[in-house]
Structure formats: structure tokens, C-alpha cells
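Here is the structure we will look at, set down as C-alpha cells.
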Amino acid sequence: MVFFLGFLIALAIGVTGVGAGTLTAPLLILALGLSPEVAVGTALLFGFLVKVPAGLVYLWRGQVSARALGLLLLGGLPGVLLGSLLLVRLKEARDMVLFLVGLTVALSAGLSLYRTFRGLQVSQEKPRLLPLGGFGIGLEVGFSSAGAGALGTLLLLHATRLPPQRVVGTDILFGLALALLGGGVHLYFGQVEPSLLLLLSVGGVLGAALGALLATRVPTKPLRLALYLWLLFIGVQLVYRGVAHG
């Protein structure tokens, strides 16, 4: 089941571009019964491993803005470190963590739906927003593993005039850096399930490869919309569990 779960998550990433953290941690909690802190740590490292090939492709094609990435990391790396340490401190408060993870997933999905329906046009670049926004995203990623894809893309679209390909490429590299640092912190504190991560990653590599092949043949927008709605449902379920058990 774990192999199949990793395959499906990576397939969705490959076809729709939805971030690994947003999908993985909630499913590990709901489907496999992992504690929130272990689910977040495992999801971060899984997201890093699955997204490395895509990040290398965007880097090789020159579709990454070094300036925007540097500004994002200026705030994002301290943010993800703080968020990861915060989750370590709050591991006893699992109901609150469950609630916050669910809220993050629901908000990320809602923002993605808004971006899809409304679109964003930038009349003037606002690079000063990138470090501050990067810090908030990093804090959220370290605490919940979710949001780097949806929120990072939203921030880049709002603060820069980068073309879509460079927005995606820059955001993927940003997410990789956050996932590596945050996942490393969780691994250090024993909040990762290694055997589960291995099975997820093996399935994920196959799913990502198939997703890349299907991406040019499957209508992406309807799939993204369906996936965002599904994530909203999952987020609400996690919020409910956190409130009901609190």
C-alpha cells in the first residue's frame, strides 16, 4: 500500500505540479495513521527525493531565477528551521498540530483555486516581498510540510514579472532547499520513518516518471481543479479531527 501511495502522489505531482508536502503528510496521517510530526518529516524528505529530477531539468534549461531564488532563501531557510524546531517542541500537542496541518492544506488548496480561476498580473516588481514571504512559507513548510508549491508560486507571481516557466523552476528549487533542511531537522530528532520513506520513494520515482510522460497528453487544468478540491476536503477532515480530539 505504501509503494502504491508514493506512486499515486508522485503521479499527481508530475501531471499537475501540486506540491508533494500538501498531498503526502495528510495521506500519511489519514491513511496510515502516522503521528503528525513523523508524517511531516517523512513527507519533507519524500518531496525532496521526488522533486530532485524536475529541479535538475529546470536548472539545466536555465529556467531558474538566481536573484529571486536567493531572496526567497534569505527568508525561507531561517523560516523552515524555526518551523521544524517548533514542531519538535509541540510534538506532545498532536491535536493542535493536526489542526494546523489541516488548516495549512485547506488554505493552500483554496489559494491555488483562487489563482487558477482569477490569475495574477504584476504591474510592478516587488522584490522586497520575497524574503518576508519566503520566511512565512518556510515556517509553514517546516511545521506542516505543505504550501511551498502553491504559496511559493503565488508569491513569485505577485512579486516578480518572471515568465511562468521560470516561476515554476524557481519555486521547485526553493521547495527543494526547504524540504532538505526541514527534513534533515526532523530526521535528526527521529521524526522520520525510514522504511516507509524508502517504499514511498521507490513508488514515487516510477510515479514521477509516468507523470512526466502524461503531462503533455492529459488536460492538466481539470485534474488540478479536482485535486485542489480533494485537498480542501482532506484539509477540512484534518481540522475536524484536531478539533474533535482536542
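None of these values were measured; they are calculated from a predicted model. Atom set for the values below is all heavy atoms of this structure, side chains included, hydrogens, waters and symmetry mates excluded.
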At what distance, to the nearest 0.5 angstrom, does [atom1] of [X] lie from [atom2] of [Y]?
X    : Y    : atom1 : atom2 : result
L45  : F48  : CG    : CZ    : 8.5 Å
F3   : L206 : CZ    : CG    : 5.0 Å
L74  : L69  : CG    : CG    : 11.0 Å
L71  : R67  : CG    : CZ    : 6.0 Å
T170 : L59  : OG1   : CG    : 10.0 Å
L8   : M1   : CG    : CE    : 10.0 Å

Do the side chains of [Y] and [X] get nearer than 4.5 Å, heavy atoms only?
X    : Y    : value
L180 : L176 : no
L173 : L72  : no
L200 : L28  : yes
L196 : V38  : no
L82  : F143 : no
L187 : L44  : no
Q191 : S35  : no
L130 : T160 : yes

Are [Y] and [X] linked, directly or through intermediate hydrophobic residues, by side-chain heavy-atom contacts shorter than 4.5 Å (ILVMFWY only)?
X    : Y    : result
I137 : L86  : yes
V205 : L5   : no
L139 : L103 : no

Checking the side chain of [X] only, and the main-chain atoms of [Y] only, is there a donor and an acceptor separated by less than 3.5 Å?
X    : Y    : answer
R166 : V64  : yes
T42  : E193 : yes
H186 : G142 : yes
S65  : A68  : yes
S84  : V185 : no

*asked:* Against V2, only a single residue in L197, L32, V202, L198 fulfils side chain to side chain contact (heavy atoms under 4.5 Å, CB included); can you say which?
replied: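 Filter result, single survivor: L32.
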
